[in-house]
Amino acid sequence: MDLFDYMRENTMEKESPLASRLRPRTLDEIVGQQHIIGKDKLLYRAIKADKISSVIFYGPPGTGKTTIAKVIANTTSAEFKQINATSAGKKDMEQVVEEAKSRLGMYGKKTILFVDEIHRFNKGQQDYLLPFVEDGTIILIGATTENPYFEVNSALLSRSIIFELKPLSADSIKELLRRAVSDNERGMGAYDVTIDEAALDFLADVANGDARAALNAIEIGVLTTPRGSDGQIHIDLSVASECIQRRVIKYDKEGDNHYDTISAFIKSMRGSDPDAAVYYLARMLYAGEPVAFIARRIMICAAEDVSNADPQALMVAVNAALAVERLGMPEARIVLAQAAVYVACAPKSNSSICAIDKAMDYVSSHPTAPVPAHLRDSHYKGAAKLGHGIGYQYAHNFENHYVNQQYLPDEVMGEHFLELGDLGYEPAMKAYMRKIKGEEHD
């Protein structure tokens, strides 16, 4: 490191955001995540013993993934290298690997490679690292906000221990905020700050487990609030509420939270819980989920889970989809809520999806049977010579507009795909079918 590098690092350390300056340097400074970093836990023991193996840290933003990696960097005897998958390319990895090989060969010193946002690496980039992780050239530490079982190659997963980090508790956030306003070396202690308990409670609640969001808010508050008559900076509830005007919500429209939330939304409608349905709807709308996407899911649920137990459900859902396209937000929220509540409260049946899936399975596993001759198209020239349409009985010419004739191919006769349920309108459908077929006494 030359003089200019040294000066640049010192300047960055002093001028960097509070959340970065206050990052823990030792295991004992880490707040929260005791389920993986507690003194009796594997990760704590491995870091203390400098016996860390390849690991992947998985969790929401602001929960300490990079923090733990930095603590490992401060405690390990291995060389620590860091790259970010959003900007690093194969050339960067090749350089790290070559240096790691030389270091291991010449000095017997291991190299830890920390890859932030490892899910941003494509399959080829991840595959490149695999042999060097496997032979011990590098020890990999990956950090990701996405589910690693979806985003990281299975080969890398099998050679790593996965640690899931949880959103920090409100008490942990408050502890960090108190540290931030009192720390003279790295925090805001030199500003002579006092913070009300109500402001602490508010910031800890609205940060929603994201330490970085809470620390960013308190830094803005301290730097922009004028001193009082006593010479101190007072952070009260009013100041705190201005620093975070919207609740931090964990939602990535292309990641786990997107799929988990829409899954919970659908399952709540299916499970006839309108309160849960509107709650998950609100979460999606708050996070900016496209209203057209939500409307499509409601239509699917109406057909799949309500079906003909209440035929109106699909009509409500389709009309809602049309309406939200014309209205947009914020009015679209009302239409979506109406449709979601209707579907949630409607009687349930999965008869239609069961019928079509059973029929699809049958079609895919059996030879294609010829359509009975009397059902074939008889309107084209020469159809009669082939016997097409001959013997077909027009249902409307008979009592109840029904006539008992064969519709299934000979090879499929006896197969039953539809089983109507016992809720809502479907019992009436079953009764009607029995009536027109003369089966009322069965």
Side-chain angles (χ1 to χ4, degrees), residues 59-60 146-147 149-150 164 166-167 169-170 205-206 208-210 246-325 327-357 418-430:
E146 304 297 326
N147 189 330
Y149 292 101
F150 295 153
E164 182 177 2
K166 306 292 185 182
S169 68
D205 174 53
V206 178
N208 216 20
D210 187 334
R246 273 176 66 94
R247 178 176 295 274
V248 178
I249 186 166
K250 304 295 185 295
Y251 199 92
D252 179 348
K253 284 182 276 186
E254 295 181 356
D256 293 346
N257 290 299
H258 161 82
Y259 293 109
D260 289 344
T261 306
I262 196 65
S263 174
F265 176 59
I266 292 168
K267 288 170 182 173
S268 297
M269 289 189 292
R270 180 185 299 146
S272 301
D273 190 332
D275 291 315
V278 294
Y279 167 73
Y280 290 115
L281 172 61
R283 276 178 50 164
M284 290 186 289
L285 292 174
Y286 190 92
E289 187 72 76
V291 293
F293 170 79
I294 299 173
R296 287 197 299 271
R297 306 315 297 180
I298 298 175
M299 286 190 287
I300 293 168
C301 190
E304 179 178 345
D305 297 305
V306 177
S307 188
N308 287 314
D310 184 352
Q312 293 278 17
L314 184 57
M315 295 175 61
V316 170
V318 170
N319 282 320
L322 295 173
V324 299
E325 286 184 6
L327 292 174
M329 286 291 286
E331 289 80 4
R333 79 191 192 284
I334 308 169
V335 178
L336 291 172
Q338 178 189 353
V341 166
Y342 190 99
V343 172
C345 295
K348 301 299 188 292
S349 170
N350 64 347
S351 60
S352 295
I353 188 172
C354 288
I356 187 59
D357 285 351
L418 175 65
E419 295 291 340
L420 291 170
D422 296 318
L423 295 177
Y425 185 66
E426 289 196 348
M429 294 173 67
K430 285 197 291 187

key: Side chain to side chain, S272 and K348, heavy atoms closer than 4.5 Å   = yes

query = Can you tell if the side chain of N308 reaches within under 4.5 Å of the side chain of S349, non-hydrogen atoms only?
reply = no

Using 0.5 Å steps for rounding, measure from the [atom1] atom of [X] to the [atom2] atom of [Y].
| X | Y | atom1 | atom2 | answer |
| --- | --- | --- | --- | --- |
| Y279 | D273 | OH | CG | 12.5 Å |
| I266 | T261 | CD1 | OG1 | 11.0 Å |
| L420 | C354 | CG | SG | 11.5 Å |
| K430 | S351 | NZ | OG | 9.5 Å |

inquiry  = Does E146 form a side-chain contact (heavy atoms from CB on, under 4.5 Å) with F150? I'd like the steps, not just the answer.
reply    = CA-CA 8 Å; E146 304 297 326; F150 295 153; over 6 Å; no

request  = State which residues pass salt bridge (charged side-chain N to carboxylate O under 4.0 Å, His left out) with K267; sequence neighbours excluded, sorted by chain then number.
outcome  = none

Show me the side-chain donor-acceptor pairs of residues 327-346 shorter than 3.5 Å, one per line, residues at least two apart or across chains.
from	atom 1	to	atom 2	distance (Å)
R333	NH1	P330	O	2.9
Y342	OH	D310	OD1	3.4
Y342	OH	D310	OD2	2.8

Distance-only criterion, 3.5 Å: show the donor-acceptor pairs between side-chain atoms of residues 297-307 and protein atoms not counting sequence neighbours.
from	atom 1	to	atom 2	distance (Å)
D305	OD1	R270	NE	2.8
D305	OD2	R270	NE	3.2
S307	OG	S352	OG	2.5

ask   = When you measure from the side chain of E426 to the backbone N and O of G421, does any donor-acceptor pair fall under 3.5 Å?
value = yes

